[in-house]
K.L.:
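Input: one structure, supplied below.
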Protein chains: 2
Amino acid sequence: MATGRPHRPTTRARGIPEATVARLPLYLRALTALSERSVPTVSSEELATAAGVNSAKLRKDFSYLGSYGTRGVGYDVEYLVYQISRELGLTQDWPVVIVGIGNLGAALANYGGFASRGFRVAALIDADAAMAGRPVAGIAVQHIDELESIIADNGVSIGVIATPAGAAQQVCERLVAAGVTSILNFAPTVLTVPDGVDVRKVDLSIELQILAFHEQRKAGEAAAAPDITDMVTPVAPPVAATRRRADDAPVRPVVDGAARHGAGDAGSGPDGSDGGRSAAMPA
Amino acid sequence: MATGRPHRPTTRARGIPEATVARLPLYLRALTALSERSVPTVSSEELATAAGVNSAKLRKDFSYLGSYGTRGVGYDVEYLVYQISRELGLTQDWPVVIVGIGNLGAALANYGGFASRGFRVAALIDADAAMAGRPVAGIAVQHIDELESIIADNGVSIGVIATPAGAAQQVCERLVAAGVTSILNFAPTVLTVPDGVDVRKVDLSIELQILAFHEQRKAGEAAAAPDITDMVTPVAPPVAATRRRADDAPVRPVVDGAARHGAGDAGSGPDGSDGGRSAAMPA
DNA sequence: ATGCCTTTGTGAACGCGTGCACAAAGATAC
DNA sequence: GTATCTTTGTGCACGCGTTCACAAAGGCAT
């Protein structure tokens, strides 16, 4: 689920499960907060609550890092902060480049969460020549022609892609060719990368769609008692339904003669509109 | 992994596994692209490649929705687009509110991917009175005092939180109290919500930290042959290491002897700075 | 019709992640 | 030193998700 790359046995990371790695930043954040309040130690129970996870899970996660706790007492906050930081590689400096300085790219450049954890924005890169030189978040935007030299000069190994979907794959390839081996992709596209390159994807639209699914289910459950199992339609949500798409039904997937599972509702409408739905790419 | 909520048997969704739901938007996107190119049918193999997944997984995913394919032929593109859209609840209109119109909030408001899939930005809300009335992405920002009435008037059930971490929980509670039952959280905090409310979290900082972990591991493997297993330190990455934090070692977590961790952090590494490490919240 | 060829749909095996429950370890009190 | 109490670390079992591999289904040619 992590990387967008197809093939790969996943984990393997010196024994630390991927799921655990994904939670370490969470623990680290909670621990940092405790550290600031000068709390010396925490129990797994307290910390788990703060991080929003199960205490058994937390203990098991920590057990992969080593035995850093003290039975009968708990974990030393400062010590754990250090250990987790080290494990995550946050004790060193990670220069990153952001490619695509649109609304999202600019927001990322201004994002305080980066700098606070060892990530340094080494450069902002955009394909628009008009952007070049313009300062964003105190950093002058550079033209994409300089991409290769920027990466080489700064020893950048992590790249952030915030371009439109259409440009993402191309930018990705240039980043990889220039030496980047980790990519955080905000463009709504599946990136194809060679083995050895990690890709993580953040897709705002997908997150909303997943929420919509659950929302629909909730509405459907609460509203009416469904008759047929096939009748998945949520029975009109409680909210004002405005834009309802081409109301009609599923076209017939049948290749042959008879129209089979037209099941849905009316007989297919010519939803010519559907084809016009823009793939509308982001920022 | 999905919701931020602790307790819950997960799935249950009328048989459709959570993991499958999370992939449906991916399939939908690939299908939409095909639809625009007027491709009539696709095989599971082709579609899987386009979506970046395994074909067997894709077929199993679709099998949860029903038998929408034709053996020997493949899947009817238009029909599948409709079915998945319906399953995800995208055939209806979902008004959303975005709370916190900073850099990120503004970027989200401008994000094209929302409108293209049935999501309509019903309102932009900010706590800063100076923002009120100012247009962002063509929509006038409204003050947070209006939050409850906005949600009620527009029948909003999905809220997006893009506030600083400190305000997130409070905003969350107001949203939920006002009737919102699905939340997309961009603030780096663990949100606590009552049962029945879904939360999805997007944390930019965490994604980067996960990448850093893998990056470090790659560097460590490639660079030197580690002596002791304890020696996890990646042996200086190929990049210019600048900021290396307190180079020294882990404090000792021992509870006994020394009156240790009163530790503003005097004892430990010299990094008095560490304590000052801002929890630095984002946009 | 009959047979061949393609692709779906799914039964079954496997592996990872989660959570329970408890023994081991250490601190603390006496 | 001994007993008690707290909290960690983990063995174990369970369930979800992934993948393989194949039989069933349908199109298409003859």
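Everything quoted here is computed from the prediction, not taken from an experiment. Just so we're on the same page: letters track the sequence lines, and every chain starts at 1.
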K.L.:
Could you pull out the closest heavy-atom pair between Val190(B) and Ala51(A), with the gap in Å?
P.N.:
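So the two residues come closest at CG2-O, 3.5 Å.
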
K.L.:
Scan side-chain atoms only and decide if Arg117(B) and Thr32(B) contain a donor-acceptor pair under the 3.5 Å cut-off.
P.N.:
yes

K.L.:
I need the CD-P distance between Glu18(A) and dT18(D), as an integer number of Å.
P.N.:
14 Å

K.L.:
Between protein and nucleic acid, restricted to nucleotides 4-6 of chain D and to nitrogen or oxygen atoms under 3.5 Å apart, what atom pairs and distances do you find?
P.N.:
none

K.L.:
Can you confirm if the aromatic rings of Tyr68(A) and Tyr75(A) lie within a centre distance of less than 6.0 Å?
P.N.:
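So the answer is no for these two rings.
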
K.L.:
If the cut-off is 4.0 Å, is Ser44(A) near the phosphate of dT8(D), judged by side-chain N/O to OP1 or OP2?
P.N.:
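Result: yes.
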
K.L.:
Run the numbers on Gln92(A) and Gln216(B) for side-chain contact (heavy atoms from CB on, under 4.5 Å), then give the verdict.
P.N.:
CA-CA 9 Å; Gln92(A) 64 183 256; Gln216(B) 180 184 43; 4.2 Å; yes

K.L.:
State which residue, out of Ile158(B), Ile161(B), Leu175(B), fulfils the side-chain contact (heavy atoms from CB on, under 4.5 Å) condition with Val180(B).
P.N.:
Leu175(B)

K.L.:
Would you say Asn54(B) reaches dG17(D)'s phosphate, i.e. side-chain N/O to OP1/OP2 under 4.0 Å?
P.N.:
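No, no such contact exists.
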
K.L.:
Expressed as a whole number of angstroms, how long is the span from Leu58(B):CG to dC20(D):P?
P.N.:
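Rounding to the nearest Å, CG of Leu58(B) and P of dC20(D) are 14 Å apart.
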
K.L.:
Using the side chain to side chain donor-acceptor pair (under 3.5 Å) rule, take Gln83(A) and Tyr79(A) through it: C-alpha gap first, then chi angles, then the decisive distance, then the call.
P.N.:
CA-CA 6 Å; Gln83(A) 290 299 342; Tyr79(A) 186 70; 3.2 Å; yes

K.L.:
What is the distance, to the nearest angstrom, from the OH atom on Tyr64(A) to the P atom on dG17(C)?
P.N.:
8 Å

K.L.:
Between OG of Ser43(B) and CZ of Arg59(B), what distance do you get to the nearest 0.5 Å?
P.N.:
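Ser43(B) OG to Arg59(B) CZ: 9.0 Å, rounded to 0.5 Å.
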
K.L.:
Asp203(B) vs Arg29(A), test: salt bridge (charged side-chain N to carboxylate O under 4.0 Å, His left out). Steps then yes/no.
P.N.:
CA-CA 12 Å; Asp203(B) 197 312; Arg29(A) 180 174 293 153; 2.7 Å; yes

K.L.:
Tell me: OH of Tyr75(B) to C1' of dG26(D), nearest whole Å?
P.N.:
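Result: 14 Å.
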
K.L.:
Expressed as a whole number of angstroms, how long is the span from Asp61(A):CG to dT18(C):P?
P.N.:
7 Å

K.L.:
Taking only nitrogen or oxygen atoms into account, show me every contact under 3.5 Å that the protein makes with nucleotides 12-15 of chain D, one pair per line with its distance.
P.N.:
from, atom 1, to, atom 2, distance (Å)
dC12(D), N4, Lys60(A), NZ, 3.2

K.L.:
Atom OH of Tyr68(B) and atom C1' of dA25(D): how far apart are they, to the nearest Å?
P.N.:
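Atom-to-atom, Tyr68(B) to dA25(D), this comes out as 18 Å.
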
K.L.:
Under 4.0 Å between a side-chain N or O of Arg59(B) and OP1 or OP2 of dG11(C)?
P.N.:
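No.
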
K.L.:
Whenever both distances are under 3.5 Å in a Watson-Crick or G-U wobble pair, mark it; put DNA chain C into dot-bracket that way, with [ ] for crossing pairs and | when the partner is on another strand.
P.N.:
||||||||||||||||||||||||||||||

K.L.:
Less than 3.5 Å apart, any donor N or O on the side chain of Ser205(B) or Gln209(B) sitting next to an acceptor on the other?
P.N.:
yes

K.L.:
Of all the nucleotides listed (dG19(C), dA27(C), dG17(C)), which has the minimum atom distance to the side chain of Lys57(A)?
P.N.:
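Among dG19(C), dA27(C), dG17(C), the one nearest the side chain of Lys57(A) is dG19(C).
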
K.L.:
Among the candidates dA21(C), dT18(D), dG26(D), find the nucleotide nearest to the side-chain atoms of Ala56(A).
P.N.:
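Nucleotide nearest to Ala56(A)'s side chain: dA21(C).
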
K.L.:
Give, for atom OG1 of Thr20(A) and atom OH of Tyr64(A), the distance between the pair rounded to the nearest 0.5 Å.
P.N.:
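Between atom OG1 of Thr20(A) and atom OH of Tyr64(A) there are 5.5 Å.
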
K.L.:
The test is side-chain contact (heavy atoms from CB on, under 4.5 Å); show your working for Arg23(A) and Val53(A) and say whether it passes.
P.N.:
CA-CA 9 Å; Arg23(A) 280 188 293 269; Val53(A) 303; 4.1 Å; yes

K.L.:
Is it the case that Thr189(A) and Gln169(A) place a side-chain donor and acceptor less than 3.5 Å from each other?
P.N.:
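Note: Thr189(A) and Gln169(A) side chains miss the donor-acceptor criterion.
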
K.L.:
Atom CD1 of Ile16(B) and atom P of dC16(D): how far apart are they, to the nearest Å?
P.N.:
15 Å

K.L.:
In terms of side-chain heavy atoms of Ala19(B), which of dT18(D), dT8(D), dG9(C) is nearest?
P.N.:
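So the side chain of Ala19(B) is nearest to dT18(D).
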
